[in-house]
Amino acid sequence: MNYELIKTFFKIGIFTLGGGYAMIPLIEEEVVNKKQWVTKDEMLDLIAIAQSCPGVFAINIATFIGYKLRKTRGAIATTIGTALPSFLIILLIAIFFHQFEDNKIVAAMFKGIRPAVVALIAVPTFNLAKRAQLNKWTLWIPIVSALAIWLLGVSPIWVIIAAGVGGFLWGKFSSRYNGITR
């Protein structure tokens, strides 16, 4: 199983451009749809946890999935599988970069990749929003958060802390009104 975890996350890592958020559709396809290692709801929870932890998002989510499946050995396997492709690619680029740094074709290729990377990040964002069951009462939260970060320069850390406190309080008080005790 550990080899299968390394192989799966190596494949995800090697075919993903644009970082961790661009990996979400590939991880979801492999882990949720094809292999059915986690459910869609578990995947949404793992994404939320991975986003709130310090470090590289792709490594975080891979580690959490691996840990869920095989505890520490699974976490190590998925982490290695996710990090190894990037490490090898960056190593090759570092070795040969001086030969390509002024090449107009390479520069044009990187410029052409940018819009695709934006789309790869936007698609999982919209899919997450759908699964998070945003409605007219909750849609303001991500909008206000994004505007606070972008326009007002509020640190994302404060937005995460405020969202965590707000979510805790909402769960605490809404459960009382619904007759649920925790």
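Quick caveat, the model's predicted, so the values are computed rather than measured.
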Are [Y] and [X] linked, directly or through intermediate hydrophobic residues, by side-chain heavy-atom contacts shorter than 4.5 Å (ILVMFWY only)?
X	Y	result
I160	I47	no
I49	I24	yes
I12	F57	yes
I143	W150	yes
V144	I141	yes

Closest approach of [X] to [Y] (non-hydrogen atoms, all atoms of both residues):
X	Y	result
R70	N2	NE-OD1, 3.3 Å
I61	A50	N-CB, 3.7 Å
M23	A58	SD-CB, 3.2 Å
P54	N60	O-ND2, 3.4 Å

* To do: Determine, stepwise, if the pair L46 / V38 fulfils side-chain contact (heavy atoms from CB on, under 4.5 Å).
  => CA-CA 10 Å; L46 290 170; V38 297; 4.3 Å; yes
* Looking at V31, T78, T79, I65, which one forms a side-chain contact (heavy atoms from CB on, under 4.5 Å) with L5? ->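 One option only clears the test, and that one is T78.
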* Assess whether atom CD1 of I105 is packed by more than 12 heavy atoms of other residues, nucleotides or ligands within 6.0 Å. =>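 Atom CD1 in I105 is not packed in, count stays at 12 or less.
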* Asked: Crowded around I157 CD1? As in, over 12 foreign heavy atoms under 6.0 Å?
  ->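 Not more than 12 within 6.0 Å, no.
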* To do: Evaluate the criterion side-chain contact (heavy atoms from CB on, under 4.5 Å) for residue pair S155 and V159; output intermediate values, then yes/no.
  => CA-CA 7 Å; S155 171; V159 172; over 6 Å; no
* **Members besides I80 in its Ile/Leu/Val/Met/Phe/Trp/Tyr cluster (side-chain heavy atoms under 4.5 Å)** =>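 I76, listed by chain and number.
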Find the distance between [atom1] ([X]) and [atom2] ([Y]) and round it off to the nearest 0.5 Å.
X	Y	atom1	atom2	result
K35	E29	NZ	CD	10.5 Å
I89	L84	CD1	CG	9.5 Å
M43	K40	CE	NZ	10.0 Å
N33	E30	CG	CD	9.5 Å
L147	W140	CG	CH2	12.5 Å
F10	S86	CZ	OG	9.5 Å

* To do: For the residue pair F9 and P85, establish whether any side-chain heavy-atom pair is separated by less than 4.5 Å.
  =>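 No, their side chains stay 4.5 Å or more apart.
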* How would you list all residue pairs meeting salt bridge (Lys or Arg N to Asp or Glu O under 4.0 Å) that involve residues 48-69, not counting sequence neighbours? ->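 Of all non-adjacent pairs touching residues 48-69, those that pass salt bridge (Lys or Arg N to Asp or Glu O under 4.0 Å) are E42-K68.
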* What salt bridge (Lys or Arg N to Asp or Glu O under 4.0 Å) pairs are there with at least one residue in residues 78-97, not counting sequence neighbours? ->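 Those involving residues 78-97 do not exist here.
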* To do: Evaluate the criterion side-chain contact (heavy atoms from CB on, under 4.5 Å) for residue pair W37 and T8; output intermediate values, then yes/no.
  => CA-CA 12 Å; W37 288 340; T8 299; 3.7 Å; yes
